[in-house]
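In the text below, chain A, chain B and the rest are named by the order of the sequence lines, each starting its count at 1. Remember, predicted model here, so these are calculated numbers, not experimental data. Heavy atoms only: backbone and side chains are in, while hydrogens, waters and symmetry mates are out.
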Amino acid sequence: MKKSKLTIFAMLLALSLLVSCGITQKQATDLSVPVTNAAPSTGNPETRQDFVFGVYNFSKLDPADSYNGWGTIRYGVGETLFNLNEHLEVVPVLVTEFMLSEDNLTWTLQLRDDVTFHNGKPMDGWAVKASLERLVAKNERAAADLKLAAITADGFSVAISTTQPNPTLLNSLCDPYACIIDAAADDGSVDFNLYPVGTGPYVVKSYVEDVSATLEPCADYWGGTPASKSVTVKAISDVDTLALAMQNGEIDAAYGLSYDTLNLFGNDEQFTVSQAATTRVYMLFFNLEHEFMADETFRRAVCMAVDKDSYGSVLLNGAGTPTQSAFPAALSYGDDSKMTDVPDYDPEGARILLAGNGYKDTDGDGFLEKDGKKVTLRLVTYGRTGLPQTTQALQSALQDIGIAATYEQFESIDAVLAAGDFDICAYAYVTTPTGDPLSFLSFTTGTGNGANYGRYSNPQVDQLLHELSLEFDRDKRAARATEIQQIVTGDCAYSYLFHLNMFMVTKKGVRGIQQSPVDYYQITARTARE
Amino acid sequence: MKGPVYDARIRYTFLLVLTLAFLFLSILAPLFMPNDPNHASLSDAKQAPSAVYPWGTDWLGRCVLSRVLAGAPVSIFSALVIVGLTLMVGSAVGIACGYWGGKVDSILMRIVDIFLAFPGMVLALAVAGMLGKGLNNAVLALVATGWPTYARLMRGQVLTLKEENFVHAAKLNGQTTVSILFLHILPNALRPVVVTASLSIGGTILSLAGLSFLGLGPQPPLAEWGSMLADGRGLMQQHPWIVLYPGLAILMTSILFNLLGDSVRDVLDPHDSRNLFQKVKRKRIP
Amino acid sequence: MVNDVLQIRGVSKRYQAGNKNIEAVRDVNLTVGATESVGLVGESGCGKSTLARLVARLDSLDRGQVILCGEDISQIKGAALRRAYANLKMIFQDPRSSFDPRLTLGASILEALRTAGVQRSKRKAQAEKLLSEVGLNATFLTAKPRDVSGGECQRAAIARAIAAKPKLLICDEATSALDVSVQAQIMELLCKLRREHDMSFLFISHDLALVSGFCDRTYVMKDGILVESGATGQVLNHPQHDYTKTLIRSIV
Amino acid sequence: MTPIDQVGLLDIEHVFVKYPCGKDVLWDVSLRLQEKEILCVIGESGSGKSTLLQAILRMPGKVEITQGAIQFAGQDLCALEGEALRKVRGTGIGMVFQEPGASLNPIRKIGVQFYETLRAHGRISRRQADEKARNLLSVLDLADPERILRSCPVQLSGGMNQRVAIALAMALKPAVLLADEPTSALDVTVQAQIVAELKNLRAQFGTSILVVTHNLGVVAKLADTVAVMVGGQVVEYGSRDTVLGSPSHPYTRALLAAVPKLEPACHG
Amino acid sequence: MNRRIWQEPILRYIARRLGSLVVVLLGVTFLTYGLMYLSPSDPVEMLLQAQGIPVSENVVLALKEKAGLDRPFLVQYASWLGNFCRGDMGQSLIDGQPAAEALQAALPKTLLLTLTSVLVTIVLSVPLGILTAVRQNRFSDYFIRLLSFLGHSMPSFFVSLLLLYVFALKLRWLPVLASDTARGLILPTLALAIPMTGKYIRQVRAAILEQLGQSYVDGAISRGIKPGAVLVRDVLRNALMTLITLMSLSVGSLLGGTAAVEMIFVWRGMGFLVMDAIRMRDYPMIQAFVVWMALIYVLINFLVDLSYHLLDPRVRQSLEVN
């Protein structure tokens, strides 16, 4: 396979074409440069230094448990069979060759034979099978994504069959939940959520809940000697303190800083700021079951009140790229120009629209009423950097067009959303964590689906989602994904505000760690301080 | 007559006038606001002080001066309401205990003991936390924390005053219990209570700001000094005016009320201010 | 005697102090006849002030009866007690403490006149009259307790006490906080009141000499018990009880 | 006024005193205390008699002497400062306060307070101090001195504390003892005891005593010499018999007349 | 003879105090448990939502029945209290972790911070308070009082920010993150101790001045004892009770007042824990926090009372009389 600037879909297309021609695709690791893990190590045990990594959101480490796999991958404890490269293309990591059966139902993977778990056991086919079976047993999301029928292992090869053709299986195997761990080690003797046994360059030495994790290099890591003597991941749950600690030199790298600090660190020679556009989109959930939000015209007016450009440039200090689509423009299904029916920023137009639909300020308090009832919206959000700011800006913007709104910030928003206890929720969503649009679109727009908190339901969308789930053709997938977004944004069921550039600050002289477009690759074997 | 008491009275009058003026101004503060305190003008965000925004703008492009002014009534009057409610609830309980004694006293005092068993802000955190965020709950939380002190104080006062001869004399005059209570006991008992209350206003402002800082106070977009400080904390280095002015507002207000409280005490509770370590100036005529 | 102003019959009072019971007054019998002046002498802590408080119902008694002008007031409450108080007034050791520090002397006296049922229009004049009777001029109406001397304050207290024309005036160490010369003036005033009013006195003091100059009969109290009683001259000149003898001897 | 023509033990010469707040209290007070003399200063409240004692001891923070001199043992107390003044307090001049018990630290053992007092004026071991204290307490007829020395004032009765305080004031055998209203607020029977005790002191130790009181009975029993103060000035000064027997000043006469006499009631 | 006389009353006293302690603590638990009933959210629904289970009427009812939440309030309270006494403080609604475990991890941290802050407060406020009292109305008095006034008027979170800015960011002397090391504790300790010191200097001053006005001071002076000795041996000892009371109060205000400082310095103590719990409406955690804090405070007060007993013969005396 050629190494070029292809999207993941280019690759998938190629795969499917090749597969359909009945040619076995051999994939050697040296053909594609893995993004992170299997780097030629420069670690010299004599001169290695301790490395301290400050993070805003500290995670537990059992990959199968909710989103904890992000931590497992981020802290270099575990690895997935495949990774996404900077172009969100799937590249093999723990796998040497893979092929798809003619019926599109079975993938056969040939595993590397030099990979061992932290406890010294070899990562063979049975281990991978056990790891994946443990995953689908514990994680509903993974089970829904993978659609596993059966796994058979034989030596260093493993055959994964799915219940239906699953074009995104390899993408799903890139998801942090699919991090390969030694399932047999989860025998209850230690808390697997704190001390998972993975294949990554670092082993958890001690884990203090909510405080820090101390990691030791894995002596016989397959990718060479890890470059740091130890890695300490510190939980610094206060963004401002995180910034101060970074400034004060107490940590070597910081992730999760407030965007306000971009200039602070960017203008300081002692630090390196690495930025990467990610697939995280800041978006608004509208609760379509609530009185005013149920009205499409009303929603349209709300959308027109939103000044996406300023949000990205001011609230996020330039780290937000305004968007009409849920996906970054670099992706074929993230083309803003195709989102024709998305209302532009036009507060005056919004006022007129509202006035024309029976929203009038009848009692003269500066806020609109409909049929004598005051329009009041409940805005909710959670503490992720940028969201409270966005929501408060929205509150002010709504006030400008005469809509009263209350603001509430929660630490954990999902319960509030699930209960439908909101009108508008600002949310930051990683739309293509595994390089494919299906999961996000399905979750948020399919009738009755898990993250469809606004209770949006459109049979046309449901039909398209179904088609998308079975489609292996790249262009058609992109077209369907685009179509779904057109319908959804046309219905004003969601408003996608901007895409986020994530950034990471490191001390000068720190290497092997930087902001990746894939937000869960952080600590690697190369991460070290000079 | 000149002397320490005289000085205290002058100081008290001065501070009282200053405080009243301050209160008056904070009521009128909305009139002086150069801009809408809640209006976010993103294009003007994080601007340094200028003619349009005398104290600059915050991260959302809101006028800091307007927000500090808008926050004045919230911070100050909430604190006054808290102290007032605390005083009333506490005093009512204290009077009931002190005057009727017996079962009423022992039951109420047990309740007071229970409330006093919660250290410092713990009860406030619990009340605000359990009942949810917001100004009302924050006020309720601080009242719940504060009233037992006044109950104890008032009870002690009433118990002492009940045995004063002038109360006996009033009793022998044939006055009713209620009239004795309201004509003689209460007015005299109020003095230390008022001193305590006036000393506690400054602290209450700080406590409220503390709750706000923790996010348990008034919710956005309502301007409140503590939450402005919490909000703008990350910009402290780059755009200091965002935290400087609300911080100064808290400091100044709390200093003003603390000074007033001190001087109320000096006037109502004058104490001899000489001791053995005082050098006595000696003017000897040879 | 039927027309005794005050009869105290078998009055006792215990105080609970921790685990100990202190019997402050034990089985006291005492009478004050009409227009009679009766002295009660004893040293501090002997129970004489407690007895005064019991008689005035400022404290509840454990046993016994207090009969004031023929009415047993030892158990009555509320309105009945307030009515009974019309016949009973008391002046205290510390004159300043017997006035509400916030109010003017006038306000306190007017209050007494109001409760005595004097018409509003006549109160002011009456108050001035009362003041002149105790040797004070009308300017004292507007003075506060802390602005006047102890003697003046005690005079005002007396004026307030006689406002309702009580049958019995209890003087609890009424002069012992005052300077000798002031004490003499107050005693003179009390003598004058005795002459001019139809009033009985229960005069409580630790000073035998003072009692000897004022009282018809004298009771001597020690540790809550009356140890000796009789006409004042009798008690002074022929003391029966050892304690009375000690008392007389130690007068310096 | 008695002319002052020779040197006494304690000479108060034309002393003017004011309070720190600036109010004048004493005007031109002159008194003389001879050896073994008991001088009683009588006066009513506000006459400045207690201030006089504070002025003699130069109690810090209480009074300011603006004019005059207080000669004691050949030195002018008004000119003394610091250590020199401290040495006079206790050894030269002792003082018994109005409420003698209150002048003891309520929560320290009396033995310690004796030791500390003695130690402040010379080297002495704890055992020696205890010995001295025991002697002193027995001389003053206090029962069980051992127990007293091991107790804190709060554990003793008020009367006991008064006598302990007197003993403590006498611990350094001062030449002059100042007593500020030692009998007021006391029961008559106790008053008599205190009077006897002060006399006893003079007999035992030859102490000169300056007593301030408003109780003429005490004066009559105790004094050799009497001074009468009114409004911060001495209006009459002379031997007891002269002052009490044939008072010259009208105030003194009025004062004497006001004293209640033990006599049958004055009827109507 | 001495031993038996004063040991017996103190035992009686301890017994009596412990008895009333139990009553107070019962009240504390009742109030704490009752607060949850006043709260607007239903814990069962919250638990379900947190676990991502759709909230349906039937599920809620079934779970309530299982958890005994359909029983009368008092019965629920009794069973909760029973569990509490056995050390089971319920589970976090957020992650299902036993509240007891979380508290166990956080409590020592808050206690450590409290301890250091109280110590620093004592070390600063007692000598300065004495100094201002002794130098009353002189320059040093005014100056220290001015500083204490400023400290007293600043909230601890404001002090924290200033300290961070100056000592961590500008001078680079001290770390931003609190840690168990002495250096890591300095800033949070100061952030708590400075406002408290400001408050207590004034109170120590008042206490000392009050003692200086007592007659025993005159007595000691009249006996020729050196003023310095009077200050140390008499005045301080008599003011000790007030000082101890102040310190116990300061412990009290710290137990709840560390939240903001703990958040800023990322010091995972009780304040941090409860703020997390409050934001997530994690009622069992809040309850456990409140009850534990009250328990500790009540015990501290109890110990302080006992120390009065040991230090002050007046208190001993009053007990013996009673």
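- Minimum heavy-atom separation, D:Ala102 to E:Ser215: O-CB, 3.4 Å.
- At a 4.5 Å heavy-atom cutoff, the contact between D:Ile107 and chain E is made by backbone and side-chain atoms alike.
- How far CD1 of E:Ile221 is from CE of D:Met95: 12.5 Å, rounded to the nearest 0.5 Å.
- Contact of the E:Arg223 side chain with the D:Gln113 side chain is registered, since non-hydrogen atoms from C-beta on lie closer than 4.5 Å.
- Residues E:Ser222 and D:Phe97 meet the side-chain proximity criterion, which asks for heavy atoms closer than 4.5 Å.
- Under a cut-off of 6.0 angstrom, the local environment of NZ in D:Lys87 is crowded, with over 12 non-hydrogen atoms contributed by other residues, nucleotides or ligands.
- Looking at D:Glu83, only its side chain comes within 4.5 Å of chain E, counting heavy atoms on both sides.
- There is no contact between D:Leu85 and chain E, counting heavy-atom distances below 4.5 Å.
- Between the CD atom in D:Glu116 and the NZ atom in E:Lys226 there is a gap of 11.0 Å [rounded to 0.5 Å].
- Heavy atoms of other residues, nucleotides or ligands lying less than 6.0 angstrom from CD of D:Gln204 number more than 12.
- Using a 4.5 Å heavy-atom cutoff, the side chains of D:Ser103 and E:Asp218 are not in contact.
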